[in-house]
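Here is the naming used below: chain letters follow the sequence lines, and residue numbers restart at 1 for every chain. Computed from a predicted structure; not experimentally measured.
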Protein chains: 2
Amino acid sequence: MTKIKTPVVRNALPLNEILAGDCIEVMNSLPEGSVDLIFADPPYNLQLRGDLHRPDNSKVDAVDDAWDQFGSFAHYDQFTRDWLAAARRILKPNGAIWVIGSYHNVFRMGAELQNQGFWILNDVVWRKSNPMPNFRGKRLTNAHETLIWASKAEGAKYTFNYEALKSLNEGIQMRSDWVIPICNGGERLKDENGDKAHPTQKPEALLHRLIVGTTNPGDVVLDPFFGTGTSGAVAKMLGRDFIGIEREEAYREVAQKRLSKIRKFDREALEVSTSKRSEPRVPFGQLVERGMLRPGEELFSMNGRHKVKVRADGTLIGDDVKGSIHQVGAHLEGAPSCNGWTYWTFKRDGKQVPIDLLRQQIRAEMT
Amino acid sequence: MTKIKTPVVRNALPLNEILAGDCIEVMNSLPEGSVDLIFADPPYNLQLRGDLHRPDNSKVDAVDDAWDQFGSFAHYDQFTRDWLAAARRILKPNGAIWVIGSYHNVFRMGAELQNQGFWILNDVVWRKSNPMPNFRGKRLTNAHETLIWASKAEGAKYTFNYEALKSLNEGIQMRSDWVIPICNGGERLKDENGDKAHPTQKPEALLHRLIVGTTNPGDVVLDPFFGTGTSGAVAKMLGRDFIGIEREEAYREVAQKRLSKIRKFDREALEVSTSKRSEPRVPFGQLVERGMLRPGEELFSMNGRHKVKVRADGTLIGDDVKGSIHQVGAHLEGAPSCNGWTYWTFKRDGKQVPIDLLRQQIRAEMT
DNA sequence: CTTCCAACTGAATCCGTTA
DNA sequence: TTAACGGATTCAGTTGGAA
């Protein structure tokens, strides 16, 4: 898949920097449709500032008022609406967003994503291998957080590196539950007192999987709640550009220091497994043109049940059917579709050989 | 925790019956504050576009029933508001609710639970050990569903059998992620044609854990979307009373037949399904994601004859070969297969260390 | 009576390019 | 914009018949 780059817009973007300020204001100052991926880990313990109003503008008074809960949610929802709208504006049409949260806030984020027209692709469970136990024994150990992956709109062409994720999972399709330890040990950033520099630093392994799986090298990854910059650090390692936005100076400083030490992996290591879909298309007719198969030569179905003849124009003809290798295969099998390349075989030296072997020969010549 | 019983109310309840009709109307006809637990598995509002075929061309039997069709999010939200309000009214002050859903609907349910004053206690992930794969390779395998457990209000004294769940989990605190297979085999109810009687029958193991953990014997468990009655069947086995509400006559009949065969304390059948523990599979890619090995780092074969580089997706690249640790090892040795875990080593402090050591570290964390 | 293999199945928002 | 068409894509498990 080739990406259309728009140099003017790209150059206007402040790449690989940490921008100071309120993320909504900063995002609104960036050009529309300019970012490939947004990763957002928003706070959910918002302090209520100033007067709080219900949607009908009546004021919410007492804190322990029955409406307090509603009021808090209304406030949080407004915040969520605003930053998601700002994020959506700067996303490229084929861009995507990841958000992460716990049950305190993730349901409201998910609903608002849908309300704004984002199209949810998966929800992903980060299953912590070493969570904090529930000390009081009053609930289940809260051993996971939830991520939501969504495209900008229904039908958009999002990036998904299927084969790379399959490789990361030793040849089996990547699932929606990811087992990853929480961030501690040497990876956990400390301040000058030896205390953790940020309360919710995310593990690099989580970002690694997400960035490898849903971006390409050279993409722009923006994080509106940058914190200590895990998303930026992993993006940089993986040869992506990042944009961080962070309000707190202390976090910006920690993140800046961290990023200065990061080195990009070499190009060869960043190439990942690709799917067959990205290989060049070879028309079946080329096999005939090149004399690899002769007009009139017989092809046999893989299961041995059918026999057809090759025609000079690269179509096949059977007893009651003619058409492309795919159409004839589908018709004979009564199937909705058929991959003719793997369905048909020809005879060489008495052995049955799949015609896909000939396609591979042509592709090898094309390199 | 002792429960105050109110015999008058209890006697008014139609216990251990399946009530016909719309669940909102039926719930509104029941006495206020009379039910201990509600389990709800409402329609998910899947929005499926066309047909889906497996790679072998067989057609996926989709959930396309009329009861899962809603015109818009607004319609679905109204439906959710109404049934949740009806459910909340009939709940005892110290009662609780469980709802289950997927990313299509669970965020809207979770937000509405909070809006109505329910207090979320945990969200629980049902991790399916055998989910349906993603056949087109366009997204992650949707391998889980989400449950939300909530009390009627903040501060309510909900039931939580901490020790019972701990016992179910081999003496370790029960976590918020539960690994349970989907319902198939003998447990899956069939109609007279041998087809599945209900498209979304839930496994009894899921309900077993939930009812053991959050109710006491003698409690009343109500299910407004009864379907084939899994909640009722497990409640009956475990000595709880149930109330089922179901609109479709066909489902009521199947459920009634099922329930007539259930005997209380028929425990042994359930005990059979205890886990057979084997060593968890660790994909090599996890070592890369977690930074135990870096993309670009060199691995050396045990015999010292070969050197390769690690890529970001957990594959290896050598002079003329790339693939998994096993594939590359086999290729270089000209062997039909190769255990990459014992074949490859990396250098640490000048010494050669087998990569299997890193796998052992991860496994130790997973216990 | 086993063992083996082919066929089948499960809450799924599941294609991309060219004419 | 729509229609046609090339061709890529699956994991864990159960069932039932054959060997």
So, are A/Arg290 and A/Glu365 salt-bridged, with charged N and O less than 4.0 Å apart? yes
If you measure only the distance, is there a donor-acceptor pair under 3.5 Å linking the side chains of B/Asn105 and B/Tyr76? yes
Can you find a side chain N or O atom of B/Arg49 that sits less than 4.0 Å from OP1 or OP2 on C/dT13? no
Less than 4.0 angstrom from a charged side-chain N to a carboxylate O is my criterion; do B/Glu204 and B/Arg188 meet it? no
The residue, B/Pro131 or B/Asn45, whose nearest nucleotide of DNA chain C is more 5′ is B/Pro131
So, is A/Asn339 near the phosphate of D/dG6, with a side-chain N or O under 4.0 Å from OP1 or OP2? no
DNA chain C: 5'-proximal contact among A/Leu121 and B/Lys190 (nearest heavy atom): B/Lys190
So A/Gln327, base contact, sugar-phosphate only, or nothing? Heavy-atom distance under 4.0 Å. sugar-phosphate
When rounded to the nearest Å, what value does the distance between C1' atoms of C/dC1 and D/dG17 take? 15 Å
Work out how far the C1' atom of C/dC8 is from that of D/dT10, and round it to whole angstrom. 13 Å
Using a cut-off of strictly less than 4.0 Å, decide whether B/Tyr103 has a side-chain nitrogen or oxygen near OP1 or OP2 of C/dT13. yes
Over 12 foreign heavy atoms within 6.0 Å of CG, A/Asp319: no
Closest-nucleotide 5' rank along DNA chain D - winner of B/Gly186 and B/Pro133: B/Pro133
Find the distance B/Glu145:CD to C/dT13:P and express it as a whole number of Å. 10 Å
Are any of B/Ser129's side-chain N or O atoms less than 4.0 Å away from OP1 or OP2 of D/dA12? no
Are any of A/Arg175's side-chain N or O atoms less than 4.0 Å away from OP1 or OP2 of D/dA12? no
Should the pair A/Arg127 and A/Trp178 be classed as cation-pi, given the thresholds of under 6.0 Å to the six-membered ring centre and 45° from the axis? no
Neighbour count >12 (heavy atoms, 6.0 Å) for atom NZ, B/Lys196: yes
C/dA11 pyrimidine/purine six-ring stacking with B/Tyr44, under 5.5 Å and 30°: yes
Which class fits the ring pair B/Phe70 and B/Phe79: parallel under 30°, tilted 30 to 60°, perpendicular over 60°? tilted
Closest heavy-atom pair, A/Asn169 versus B/Pro283, reported as atoms and distance to 0.1 Å, is OD1-CG, 3.2 Å
Measure from CE on B/Met132 to P on C/dC14 and round the result to the nearest Å. 11 Å
In terms of relative ring orientation, are B/Phe225 and B/Trp83 parallel, tilted or perpendicular, with 30° and 60° separating the classes? perpendicular
Anti/syn call for D/dT15, syn if |chi| within 90°: anti
Would you say A/Lys166 reaches D/dT10's phosphate, i.e. side-chain N/O to OP1/OP2 under 4.0 Å? yes
Respond yes when some side-chain nitrogen or oxygen of A/His326 is under 4.0 Å from OP1 or OP2 of D/dG7, and no when none is. yes
Is it the case that D/dA8 (base atoms only) and A/Ser337 (side chain only) share a donor and an acceptor within less than 3.5 Å, ignoring hydrogens and angles? yes
Do we count B/Phe135 as stacking onto C/dC14 if the rule is ring centres under 5.5 Å and planes under 30°? no
Can you check the distance between C/dC14 and D/dA12, where both ends of the measurement are the P atom (answer in whole Å)? 23 Å
Sticking with atom P, work out how far D/dA8 lies from C/dT13, rounded to a whole angstrom. 24 Å
Find which nucleotide of DNA chain D each of A/Gly171 and A/Ser324 is nearest to by heavy atoms, and output the residue with the more 5' nucleotide. A/Ser324
Collect all protein-nucleotide pairs involving nucleotides 1-9 of chain C in which both atoms are nitrogen or oxygen and the distance is under 3.5 Å.
none

If you measure from the Lys or Arg side-chain nitrogens to the Asp or Glu carboxylate oxygens, is any gap between B/Lys128 and A/Asp177 under 4.0 Å? no
Under a 4.0 Å N-O cut-off, is there an ion pair linking A/Glu298 with A/Lys307? yes
Can you run through DNA chain D from 5' to 3' and write each base as (, ), [, ], | or . depending on how it pairs? Watson-Crick or G-U wobble, both distances under 3.5 Å. .|||||....|||||||||
Pairwise P distance, D/dG7 and C/dG10 [rounded to whole Å]: 32 Å
Side-chain-base donor-acceptor pair under 3.5 Å for B/Arg139 and C/dT13: yes
Per B/Lys138 side chain, nearest of listed nucleotides C/dG16, D/dA12, D/dA8: C/dG16
